[in-house]
Amino acid sequence: MTRELAAFDARVDRVEELVLIALRELGYLDEQGRALLPQQALIRNTVERAQPSERPAVKKIHGAIERLLSRRILTWEEGSIDRAAMLHYPARRGETPVPLLCYAPVLRVAEREDLHEDASAGYGVSAHRVAGHLMRIGHLGKEASPEAAAAYREDHARAGLAWPHELPRGFTYVREHERGM
């Protein structure tokens with residue numbers, strides 16, 4: 001199985017693609033690959049993650065979100081916020097309801113051409129950014145370091161994502177970094 005990529009969807013314009021890239025990267029912070037966050041947090045993350053030369057206007061991001069909602073690539077879900085300003089999903093009784101945009105990755109069966117026979121395929125030397133992401137380690141009998149848990153808490157909260165900012169059990173966190181330098 002593989003995640004779908006924005007670049008492979010001909011119906012997606014560049015601003016929509018930037019929104020989807022931000023959502024996909026934020027989805028790496030959830031063990032199910034979902035990103036649930038208020039619209040303002042998505043706009044902020046889209047602007048922050050775009051290259052300076054490609055940073056879209058907020059009005060264009062709003063339009064892209066509306067188009068993605070109309071095609072059901074994004075959906076609205078109801079979360080809630082507690083007195084300490086912590087977002088929760090699903091909504092909790094007694095807390096203030098908050099509309100959250102939801103991106104859930106679409107998985108598809110990898111086609112034969114998606115699988116490379118050459119073990120070195122895809123491993124060029126060009127520098128690129130790797131989004132922060134969860135890595136499963138529970139099956140190895142390992143636990144995340146306190147540093148990884150703190151980094152996850154910080155990055156998850158900074159992104160404005162719903163759910164507690166605690167690292168899921170059985171996972172560690174790899175911070176955003178550069179590769180191939």
Got a second to check how far Glu25's CD is from Thr46's OG1, nearest 0.5 Å? 10.0 Å
Show the numbers, then the answer: is there a side-chain contact (heavy atoms from CB on, under 4.5 Å) between Ile137 and Phe171? CA-CA 5 Å; Ile137 59 171; Phe171 290 86; 5.6 Å; no
Atom pair CG (Leu20) and CD1 (Ile65), whose distance is rounded to the nearest 0.5 Å: 10.0 Å
Members sharing Leu18's hydrophobic cluster (side chains within less than 4.5 Å): none
Atom CD of Glu77 with >12 non-hydrogen neighbours under 6.0 angstrom: yes
Point-to-point distance, once rounded to the nearest 0.5 Å, from CZ of Arg34 to OG1 of Thr75: 9.5 Å
Residues that, via side-chain heavy atoms closer than 4.5 angstrom, fall in one hydrophobic cluster with Ile81: Leu36, Leu87, Tyr89, Val98, Leu100, Trp163
Roughly how far, to the nearest 0.5 Å, is NE2 of His88 from CD of Glu95? 5.0 Å
So with a 6.0 Å cut-off around CZ of Arg175, is the heavy-atom count from everything else above 12? yes
After noting the C-alpha distance and the side-chain angles of Arg129 and Glu176, does the key distance pass the side-chain contact (heavy atoms from CB on, under 4.5 Å) rule? CA-CA 7 Å; Arg129 184 177 62 83; Glu176 181 176 301; 3.1 Å; yes
Plane angle bin for His133 and Tyr28 - parallel if under 30°, tilted between 30 and 60°, otherwise perpendicular: perpendicular
Donor-acceptor pair, side chain of Asp30 and main chain of Ala35, under 3.5 angstrom: no
